[in-house]
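A short worksheet on the structure shown next.
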Amino acid sequence: MRILVVGGGMGGTIFANHLARRIHHEMKTGKARITMLSASHEHVYQPGWLYVAMGRATPDELVREQESLLEPGIEFHVDPVEEFHLAQNHVKCKSGKVHEYDLIVISTGSRAMPENIPGLKENSVNCYTAENAVEYYKQLSEFKGGRIVITVGLPHKCPMIPLEVTFAMYDFIKDRGLLDKTEFYYTYPIGRVHSLENVAKWAAPEFDAKGIKYETLFNMKEVDGKNAKVLSEEGSEVAYDLLVAVPPHKGQEVIEKNGLGENGWIPTNRHSLHMEGEHGKNVIVLGDTTNLPISKAGSTAHFEAETAAENVAAVVKMGRPVKSYDGKVFCFIEAGKDRATYAMFDYQNPPQPKAPTGSVHAFKMAYNKLYWATARGLL
Amino acid sequence: MAERTVDARGSFCPGPLMELISNMKSMQVGDTLELLSTDAGSAKDVPEWVHKVGHEMVDTNQDSEGTFHIKVRKAK
Ligand SMILES: Cc1cc2nc3c(=O)[nH]c(=O)nc-3n(C[C@H](O)[C@H](O)[C@H](O)COP(=O)(O)OP(=O)(O)OC[C@H]3O[C@@H](n4cnc5c(N)ncnc54)[C@H](O)[C@@H]3O)c2cc1C
């Protein structure tokens with residue numbers, strides 16, 4: 001069986017390594033082969049960009065050579081796919097090379113698109129690329145006081161980032177002795193401060209205790225940079241001195257261009273993780289690029305990848321899958337520079353977050369290093 | 001006028017309303033969207049947002065399995 005993995009990020013890498021370990025024997029005897037195609041020779045731990053924006057990490061700490069993370073026997077090429085020919089079971093890459101497959105796994109991730117809101121890109125900072133996180137840190141460290149507005153576009157990856165940047169900036173500003181000169185103004189698209197009801201119930205009193213103001217039902221429409229104001233779809237206006245954005249996201253352009261899914265989100269079966277539709281039988285979709293109504297998070301990609309790897313190994317060994325994805329997501333929530341909590345949930349069970357503690361924060365800091373073992377499929 | 005269905009059953013995060021808001025952005029004026037939700041809160045928070053922004057509520061009902069079917073038209 002020729003298994004082709006498109007995307008060397010969280011989902012693709014965890015899938016390929018888990019699978020390679022399970023079908024080690026079949027790979028040795030030539031019964032199965034895993035090939036991975038990616039757009040970069042680097043693997044980036046994106047959650048680390050939050051810490052870069054706060055001056056607590058540098059971008060190079062968050063990068064490893066992709067090839068060094070892969071199990072022996074996985075063939076790896078840096079050659080982005082440009083054309084998906086699903087009816088013919090092959091893809092064509094930038095180099096012109098064609099790769100045929102029996103099963104394809106697509107985990108090409110998502111992109112922040114600040115340019116999709118007029119004025120947002122030029123007038124805000126965000127932590128959704130390494131360069132932007134560095135610029136964010138620069139502007140935050142030069143901030144002398146005024147109003148910091150947090151504005152949130154939909155959809156976006158990492159659902160905890162709106163809260164995390166707010167709490168992290170609060171501690172940053174406090175440590176610089178600027179709290180009395182700074183006003184925090186948090187905005188959020190729906191009628192509470194977070195999509196998860198129980199997280200919102202915990203976060204709103206934390207905001208109140210810190211004097212962080214908030215406006216809900218606020219979906220940004222445009223940013224008027226000249227007058228330093230954000231305008232919402234709902235008709236309100238908020239003035240800012242520093243605008244921090246969680247930009248709206250899209251999947252990759254290549255997904256949209258090949259007609260695999262509107263805005264780059266591929267219609268995906270929520271349990272089997274197969275692409276919906278005529279050619280979906282031998283197409284598995286993982287991570288941010290699914291259209292599933294669950295968080296676009298590394299943990300989602302991780303749990304999906306484990307399920308998919310177990311299924312594909314079972315198909316190789318005995319002709320049929322064995323598992324169904326239950327919608328499991330686990331997200332840490334950094335509640336400042338030294339406390340954290342977490343939210344764990346699935347399709348059936350909402351999260352029950354606890355009060356933040358120093359030990360959960362310590363665990364998150366440890367996980368930031370342990371991630372490389374997760375990527376290798378060891379954790 | 002196009003119609004689409006968004007299956008947000010079992011969605012706690014981003015949740016049905018955020019799924020609806022994301023989808024509305026890709027729709028044309030006059031298009032309709034049917035949201036499937038197992039969250040009873042949707043029957044209240046979807047109309048609240050739809051009215052605030054100025055779109056139109058078309059219909060809301062709950063089927064025998066408890067799923068809410070909430071139909072919305074993009075008006076602007
Ligand atoms: C600031 C920030 C904080 C975050 N914090 C958390 C957190 O605390 N917890 C959490 O769970 N998640 C967090 N996330 C989210 C997490 O990083 C993503 O959800 C996760 O990386 C998604 O995995 P993926 O495999 O779908 O995509 P990615 O990891 O983005 O990988 C996509 C891969 O596809 C490749 N690719 C792209 N185009 C092509 C092509 N045409 N052909 C071949 N390959 C291609 C890319 O090179 C890349 O290797 C955070 C993200 C950010 C930005």
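Numbered from 1 within each chain, the chains take letters A, B, ... in sequence-line order. What you see is a predicted model; the values in this text were computed from it and never measured.
Scanning all heavy atoms of the two residues, the minimum distance from B/P16 to B/L35 falls at O-CD1, 3.7 Å.
For the atom pair A/C127 SG and A/L50 CG, the distance stands at 5.5 Å (nearest 0.5 Å). One finds the CG atom of A/L154 at 10.5 Å from the CG atom of B/L20 (value rounded to the nearest 0.5 Å).
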Working note: B/T32 + B/V72, criterion side-chain contact (heavy atoms from CB on, under 4.5 Å); need CA distance, chi angles, decisive distance, verdict. CA-CA 6 Å; B/T32 54; B/V72 173; over 6 Å; no
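Taking the side chain as every heavy atom from C-beta outward, A/M220 and A/P247 never approach each other to under 4.5 Å.
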Which donor-acceptor pairs sit under 3.5 Å apart between chain B and chain A?
from, atom 1, to, atom 2, distance (Å)
B/R4, NH1, A/E262, OE1, 2.8
B/R4, NH2, A/E262, OE1, 3.4
B/R4, NH2, A/E262, OE2, 3.0
B/D7, O, A/R270, NH2, 3.4
B/D7, OD1, A/R270, NH2, 3.3
B/R9, O, A/R270, NH1, 2.7
B/R9, O, A/R270, NH2, 3.0
B/S11, OG, A/P293, O, 2.6
B/C13, O, A/S295, N, 2.9
B/C13, O, A/S295, OG, 3.2
B/K25, NZ, A/L154, O, 2.3
B/S26, OG, A/N263, ND2, 2.7
B/W49, NE1, A/E234, OE2, 2.7

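In summary, the side chains of B/N61 and B/D59 do present a donor paired with an acceptor at a separation below 3.5 Å, with no hydrogens or angles considered.
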